Amino acid sequence: MATAVPEKLSRLFVNVRQVPQLLAPLSPSTVSSAEVPKVFWKPYIHAGYRPVHQTWRYYFSTLFQQHNEAINVWTHLVDFGQDPHSQPLLIIIVASITYLTFSTLAHLLQAKSEFWHYSFFFMDYVGVAVYQYGSALGHYYYAIEPSWHEKVKGFYMPGAVLLAWLSCAGSCYAKFRYHQSAHVLGRLCQEMPSGLAYVLDISPVVHRIYTAPPAEHADPALLYHKCQVLFFLIGAFFFSHPYPEKLFPGKCHFFGQSHQIFHVCLVLCTLAQIEAVVLDYESRRHIYSSLHGDLAHNFSALCLFTVTCSVLTATFMARKVQNKLSFKED
């Protein structure tokens, strides 16, 4: 017992000596321009640079340290927190990342088992629903013209929520009930809600394209909106029709499948859409601030409601799959 106490005190002393190391900075302090490659140099800025070849942990930790990029970082973070009109932009960006991530996981991991095949694709459909809502919100908030806003403001956002959820529910049910995508009822359940959602979601963009005066046809945002519509329509064709594999049966096992082309088109559509929305956010504040006032928080709440309903639906359908597979095993 007498020897145990000194051993404990010894270990405590060792731990106390380590405290300064734990509290020490994660990295060196800032350095001068002479200590970093020229690609990092800025005119007339000779100090405040962060050293290169540090750990990722270090660069994340510099969020709370003083350096010559700190203000640039925090102004972007503060924009989303302090400017309510930036919240729809944040939603569409997060929604885009979400649906792309969920789709990646679904195609990567679905082969593990029947249950995970269904579950990961149900998760994929949740991502699609979130993205549909984000797209609808971005178009309604930033791209819409006052004349079209006056016509649709009474039903546009509630309709976007309903159709986004129906898209998720219909796709989950079609996957569960009609395994083969060629089944007419299965395609109807999956494609009709998504088609109606797109018609509603894109209506502010289409109206703006057709009513824009000639002087605005060169507007970069309008050009990006045209590109996103074009990419989506091309992608929708390949999503709904099994070409080119139908023309070359047995030749497209790894490359050239219609769904692969659909994915490429959808990614291009998303990139063009985000670029267009960002440009609208920067240049049309005088329009959307007067149209929407302080409603941004309400639209954020609707987003949370859409996510909740879609997740609950996907979870319910996953349990039905589990029960179905358990019954088959019995």
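Because the structure is a prediction, the values reported are computed rather than measured.
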Measuring from atom OG1 of Thr98 to atom CD1 of Ile93, what distance do you get when rounded to the nearest 0.5 angstrom?
11.5 Å

Can you tell which of Val94, Leu100, Thr101 makes a side-chain contact (heavy atoms from CB on, under 4.5 Å) with Ile97?
Thr101

Qualifying residues under side-chain hydrogen bond (donor to acceptor under 3.5 Å, both in side chains), relative to His292, sequence neighbours excluded:
none

Check ring-ring contact (aromatic ring centres under 6.0 Å, His included) between Trp41 and all other residues, then give those that pass, not counting sequence neighbours.
none

Ser96 and Thr270: side-chain donor and acceptor closer than 3.5 Å?
no

Quick one: hydrophobic cluster around Val128, which other residues, with the 4.5 Å side-chain cut-off, linked directly or via members?
none

Atom pair CD (Gln132) and SG (Cys168), whose distance is rounded to the nearest 0.5 Å:
9.5 Å

Would you check if the side chain of Ser240 reaches a backbone N or O of Phe237 as a donor-acceptor pair within less than 3.5 Å?
no

Heavy-atom count check: over 12 atoms from other residues, nucleotides or ligands less than 6.0 Å from Phe316 CZ?
no

Could you tell me whether a side-chain N or O of Ser167 sits under 3.5 Å from a main-chain N or O of Leu163, the two making a donor and an acceptor?
no

Which residues satisfy the salt bridge (charged side-chain N to carboxylate O under 4.0 Å, His left out) test with Arg284, sequence neighbours excluded?
Glu145

Is any side-chain heavy atom of Gln228 less than 4.5 Å from a side-chain heavy atom of Ile202?
yes

N/O donor-acceptor pair under 3.5 Å between His67 side chain and Thr62 backbone
yes

Tell me every residue that passes ring-ring contact (aromatic ring centres under 6.0 Å, His included) with Phe122, counting only those two or more places apart in sequence or in another chain.
none

Please check if any side-chain donor atom of His107 sits under 3.5 Å from a side-chain acceptor atom of Asp124, or the reverse.
no

Go through it in stages, so that I can follow the logic: the residues are Tyr99 and Val126, the test is side-chain contact (heavy atoms from CB on, under 4.5 Å), and I'd like the CA-CA distance, side-chain angles, deciding distance and then a yes or no.
CA-CA 8 Å; Tyr99 101 85; Val126 171; over 6 Å; no

Residues that Phe232 engages under ring-ring contact (aromatic ring centres under 6.0 Å, His included), provided they are two or more places apart
Tyr198

Looking only at side chains, do Gln273 and His139 share a donor and an acceptor under 3.5 Å apart?
yes

Residues forming a ring-ring contact (aromatic ring centres under 6.0 Å, His included) with Tyr156, sequence neighbours excluded:
Tyr140

Identify, with sequence neighbours excluded, every residue that meets salt bridge (charged side-chain N to carboxylate O under 4.0 Å, His left out) alongside Glu282.
none

In Å, rounded to the nearest 0.5 Å, how long is the span from OG of Ser258 to OH of Tyr243?
10.5 Å

Can a donor-acceptor pair be found, under 3.5 Å and without considering hydrogens, that links the side chain of Ser119 to the backbone of Trp116?
no

Report the relative orientation of the aromatic rings in Tyr142 and Tyr281; use parallel for angles under 30°, tilted for 30 to 60°, perpendicular for over 60°.
perpendicular

Side-chain donor-acceptor contact under 3.5 Å, Trp165 with Thr306:
no

Set of side-chain hydrogen bond (donor to acceptor under 3.5 Å, both in side chains) partners for Ser103, sequence neighbours left out:
none

Within the distance-only criterion (no hydrogens, no angle test), does the side chain of Tyr59 pair as donor or acceptor with the backbone N or O of Gln54 below 3.5 angstrom?
yes

Can you list everything that forms a salt bridge (charged side-chain N to carboxylate O under 4.0 Å, His left out) with Glu69? Sequence neighbours excluded, please.
Lys42

In the hydrophobic clustering that connects Ile, Leu, Val, Met, Phe, Trp and Tyr at side-chain heavy-atom distances below 4.5 Å, which members other than Tyr224 occupy its cluster, ordered by chain and number?
Leu279

Among residues at least two apart in sequence or on other chains, which ones pass side-chain hydrogen bond (donor to acceptor under 3.5 Å, both in side chains) with Arg319?
none

To the nearest 0.5 Å, what is the distance between SG on Cys303 and CG on Leu137?
7.5 Å

Aromatic contact between Phe262 and Phe238, with the criterion being ring centroids under 6.0 Å apart: yes or no?
no

